[in-house]
Amino acid sequence: MRYIIIGAGAVGGVVGGRLAEAGSEVVLVARGTHRAALREHGLRLRVPDGEFVHRLPVVEDPAELGELRADDVLVLAVKTQDSVTALRTWGPAPVAGGGTAAERLPLVCAQNGVESQRLALRTFRTVYGVCVWLPCTLVEPGVVSAAGAPLTGILHLGRYPYGTDETARLIAADLEKSRFEAPVVPDVTRWQYAKLLANLGNALEAVTGPMESEEAVALFERLKAEGAAVLAAAGIPYTGAEEQRAVRGDKVFLAPLHGTPRGGGSSWQSLNRGTGTIEADYLNGEIALLGRLHGVPTPLNDLLQRLANAFARERRAPGSMAVGELVRLTGMDH
């Protein structure tokens with residue numbers, strides 16, 4: 001199988017680099033200065049055991065590849081706010097022997113949240129979800145890092161909306177040759193909704209910086225409590241903390257990377273790079289949506305969604321609001 005990594009940023013770059021390192025055929029899809037750096041210098045992957053350079057084909061759109069191959073696997077790793085554009089670009093791409101990518105090829109959604117796979121299933125016949133537990137960073141154009149050791153990450157994989165099949169097992173086998181654990185599960189959304197609750201802190205971290213104070217931790221717990229109440233009202237199951245700990249164990253811990261501070265998570269990184277967009281609509285906004293559908297108030301998630309979007313639009317630096325100011329906005333100081 002050939003893996004086409006649509007969005008070779010932090011997650012896509014690390015997954016693509018590790019797959020290539022293990023002998024899989026990989027094509028990277030990127031734009032702008034990142035694409036130029038990948039083409040000129042290769043993908044530079046910084047991990048605890050060193051820095052590795054992978055010189056891989058880099059394209060911006062499917063036309064550069066000609067007809068896609070029947071054994072291609074499309075890995076969607078863009079932020080969810082960019083999914084529709086990517087799906088519209090790659091779905092109609094012709095495949096050798098007839099038909100289009102949307103009709104014939106598997107699409108693997110390796111993203112935060114739960115919305116992209118729903119968007120994908122509108123056009124792609126065969127969609128897989130991944131619960132991405134992979135600490136990684138787009139350091140600079142052409143350079144990505146992953147601090148996890150001894151494994152780089154854990155990627156639960158399954159058909160969307162449910163089930164498993166031989167393709168999922170083949171993809172998982174390639175991932176497991178590539179320094180990942182990749183359990184194939186029939187209920188991948190259970191893992192994704194649990195990850196969604198953890199990702200509710202992404203906007204908080206982006207707006208106020210690392211969650212180091214008692215006030216910040218208390219806000220994070222409130223965000224998760226709102227999320228858990230919404231999922232309970234919606235009847236959506238998710239894996240509990242004990243089940244998650246049992247699977248993760250000590251398989252992935254964060255090792256220091258010399259000269260490569262990790263910074264923050266994905267939303268923090270979006271603000272730090274000044275991209276102008278952020279994924280809060282599909283993390284905190286997912287909880288807000290479900291809350292409105294099921295009559296559960298989600299005031300703190302609503303607030304963080306609005307603030308994160310405003311920070312992104314205004315290209316404000318991450319962590320530029322004091323935690324105390326946010327607490328005052330929530331009324332928690334009364």
Side-chain angles (χ1 to χ4, degrees), residues 1-20 24-36 38-39 43 54 56-132 134 138 144 155 157-161 165 167-168 170-172 174-175 188 192 266 270 275 277 279 281-282:
M1 294 189 292
R2 179 176 69 170
Y3 292 90
I4 300 176
I5 310 293
I6 304 170
V11 169
V14 171
V15 171
R18 283 303 206 192
L19 283 167
S24 291
E25 190 175 356
V26 174
V27 175
L28 303 178
V29 181
R31 299 177 298 176
T33 56
H34 187 48
R35 172 176 174 260
L38 290 170
R39 282 189 161 179
L43 172 68
H54 301 286
L56 303 169
V58 183
V59 301
E60 187 167 354
D61 58 57
E64 296 176 60
L65 291 173
E67 284 189 324
L68 301 184
R69 294 177 2 194
D71 68 340
D72 281 337
V73 175
L74 306 182
V75 179
L76 188 64
V78 299
K79 294 289 196 306
T80 302
Q81 62 267 28
D82 298 319
S83 289
V84 169
T85 298
L87 292 165
R88 287 175 178 167
T89 298
W90 287 86
V95 178
T100 65
E103 293 165 339
R104 294 188 54 198
L105 299 183
L107 180 82
V108 179
C109 295
Q111 300 160 287
N112 284 334
V114 296
E115 181 65 13
S116 268
Q117 52 212 17
R118 292 185 69 250
L119 295 171
L121 205 59
R122 293 177 187 273
T123 51
F124 277 78
R125 292 181 180 175
T126 310
V127 175
Y128 299 82
V130 179
C131 178
V132 180
L134 170 55
L138 175 58
V144 297
L155 307 173
L157 171 70
R159 281 289 295 263
Y160 180 79
D165 61 17
T167 298
L170 290 171
I171 294 169
D174 282 343
L175 290 170
V188 68
Q192 291 175 316
S266 55
S270 292
T275 62
T277 67
E279 60 191 338
D281 286 347
Y282 304 100

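Residue numbers run from 1 in the order of the sequence given. Quantities reported herein were computed from a predicted structural model and do not represent experimental measurements. Below, all heavy atoms of this structure are taken into account, side chains as well, without hydrogens, waters or symmetry copies.
Val84 places a side-chain heavy atom less than 4.5 Å from the side chain of Leu119. Residues Leu76 and Leu87 are in side-chain contact: their nearest non-hydrogen atoms beyond the backbone lie under 4.5 Å apart. Contact annotation: the side chain of Leu157 never approaches that of Cys131 to less than 4.5 Å [non-hydrogen atoms, C-beta and beyond]. Between Tyr128 and Thr167, some side-chain heavy-atom pair lies under the 4.5 Å cut-off. For the pair Ser266/Glu279, a side-chain contact is recorded, criterion being any heavy-atom separation below 4.5 Å from C-beta on.
Contact between Val78 and Ala86 at its shortest, heavy atoms only, is CG2-CB, 4.4 Å. In terms of heavy-atom proximity, Ala110 sits nearest to Val132 at C-CG2, 3.6 Å. Leu105 and Ala70 make their closest contact through CD2-O, 3.8 Å (heavy atoms, listed as atom of the first residue, atom of the second, distance). Smallest separation of non-hydrogen atoms from Val29 and Ile6: CB-CA, 3.8 Å.
For Arg159, the salt bridge (Lys or Arg N to Asp or Glu O under 4.0 Å) test picks out Asp165, with sequence neighbours left out. Residues forming a side-chain hydrogen bond (donor to acceptor under 3.5 Å, both in side chains) with Tyr282 (at least two apart in sequence, or on another chain): none. Listed by chain and number, the residues in a side-chain hydrogen bond (donor to acceptor under 3.5 Å, both in side chains) with Gln111 are Ser83, Ser116 (sequence neighbours excluded). By the side chain to side chain contact (heavy atoms under 4.5 Å, CB included) test, Arg39 pairs with Arg35, Val58, Glu64, sequence neighbours left out. For Leu65, the side chain to side chain contact (heavy atoms under 4.5 Å, CB included) partners two or more places apart in sequence, or in a different chain, are Arg2, Ile4, Val27, Val59, Leu68, Trp90. Partners of Asp174 according to the side chain to side chain contact (heavy atoms under 4.5 Å, CB included) rule, which considers only residues two or more places apart in sequence or in another chain, are Met1, Tyr3, Leu19, Ser24, Lys177. Residues passing the salt bridge (Lys or Arg N to Asp or Glu O under 4.0 Å) test with Glu67: none are found, sequence neighbours excluded.
Sequence neighbours left out, the pairs with a member in residues 24-33 that pass salt bridge (Lys or Arg N to Asp or Glu O under 4.0 Å) are Glu25-Arg69. Annotation: salt bridge (Lys or Arg N to Asp or Glu O under 4.0 Å) contacts involving residues 73-99, sequence neighbours excluded, are absent. The salt bridge (Lys or Arg N to Asp or Glu O under 4.0 Å) pairs that include a residue from residues 105-122 are Glu115-Arg118, where partners are two or more places apart or lie in different chains. Note on residues 94-107: pairs passing side chain to side chain donor-acceptor pair (under 3.5 Å), not counting sequence neighbours, are Thr100-Glu103.
Of the possible donor and acceptor atoms, one in the side chain of Gln192 sits under 3.5 Å from a partner among the backbone N and O of Val130.
No side-chain donor from either of Thr80 and Asn112 sits under 3.5 Å from a side-chain acceptor of the other.
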Side-chain donor/acceptor pairs under 3.5 Å, residues 7-17, sequence neighbours excluded:
none

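Evaluated for a side chain to side chain contact (heavy atoms under 4.5 Å, CB included) with Leu74, the options Thr126, Leu107, Val127 yield exactly one hit, Leu107.
From Asp71, atom CG reaches atom CG of Leu170 across 11.0 Å, with rounding to the nearest 0.5 Å. Interatomic distance, Thr33 OG1 to Leu38 CG, rounded to the nearest 0.5 Å: 9.5 Å.
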